[in-house]
Amino acid sequence: MERFDEVYEVVKLIPRGKVSSYGAIARYLGTSPRIVGWAMNSVKGEDGVPAHRVVNRNGVLTGKMHFTPPQKMQEDLEKEGLQITDDQILNFTEHFWDPSAELL
DNA sequence: CCACTGACGCGTA
DNA sequence: ATACGCGCCAGTG
């Protein structure tokens with residue numbers, strides 16, 4: 001669970017209007033991407049953890065189906081000024097936030 | 001205790 | 001460029 005807590009910390013640090021990827025966070029924490037996804041799944045009631053700002057390396061909302069409702073993820077991202085088409089974030093690289101690079 | 005699964009990522013064919 | 005397979009760590013059955 002310590003891993004999960006670290007994941008939460010990083011996710012919380014994601015600036016509004018920016019997004020990150022499982023791989024980037026995992027690499028920053030020195031863990032595997034799967035753990036990051038599992039951590040998000042374990043978030044459930046954890047507050048202050050913008051899981052909707054975490055997507056896969058392709059900028060696709062792979063985990064949107066785990067939200068309630070599933071479209072909540074896209075709505076929140078759009079509310080933050082992000083453009084999404086077919087579960088895909090437009091200009092993903094421009095909105096991408098890498099903890100290893102930005103948060104060094 | 002062993003086996004299967006999962007919000008992913010990368011290498012190889 | 002697309003498709004298939006393996007690795008990774010933790011949790012649950």
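Since this is a predicted model, take the numbers as computed values, not measurements. Numbered from 1 within each chain, the chains take letters A, B, ... in sequence-line order.
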Quiz item: Do A/H52 and A/E80 meet the criterion of a side-chain donor-acceptor pair at a distance under 3.5 Å?
Solution: yes

Practice problem: Look at the side-chain N and O atoms of A/R3 and state whether any lies under 4.0 Å from the OP1 or OP2 oxygen of C/dA10. | Solution: yes

Quiz item: To the side chain of A/T31, which of B/dA7, B/dG6, C/dC9 is closest?
Solution: C/dC9

Quiz prompt | Pairwise C1' distance, C/dA3 and B/dA7 [rounded to whole Å] | solution = 22 Å

Practice problem: Go through B/dC10, C/dA10, B/dA7 for me and flag the one nearest to the A/I35 side chain. | Solution: C/dA10

Quiz item: To the side chain of A/S32, which of B/dG9, C/dC9, B/dA7 is closest?
Solution: C/dC9

Exercise. Would you name the heavy atoms of A/S32 and A/A26 that are closest together and state the gap between them?
Key: C-CB, 3.5 Å

Quiz item: What residue among A/K64, A/E75, A/Q74 forms side-chain contact (heavy atoms from CB on, under 4.5 Å) with A/I84?
Solution: A/Q74

Practice problem: Assign each of A/F4 and A/P33 to its nearest nucleotide of DNA chain C by heavy atoms, then name whichever residue's nucleotide is nearer the 5' end. | Solution: A/P33

Self-check item: A/R57 side chain to A/S21 backbone, donor-acceptor under 3.5 Å
Solution: no

Exercise. Select one nucleotide: of B/dA7, B/dG9, B/dG6, the one nearest the side-chain heavy atoms of A/F67.
Key: B/dA7

Quiz item: Under 4.5 Å between any side-chain heavy atoms of A/Q83 and A/I89, yes or no?
Solution: no

Practice problem: Looking at every strand, decide which applies to A/N56 at a 4.0 Å heavy-atom threshold: base, sugar-phosphate, or nothing. | Solution: sugar-phosphate

Quiz item: When you measure from every atom of DNA chain B, which of residues 74-100 of chain A have a heavy atom less than 4.0 Å away?
Solution: none

Quiz item: Are the charged groups of A/R27 and A/D98 less than 4.0 angstrom apart, N to O?
Solution: yes

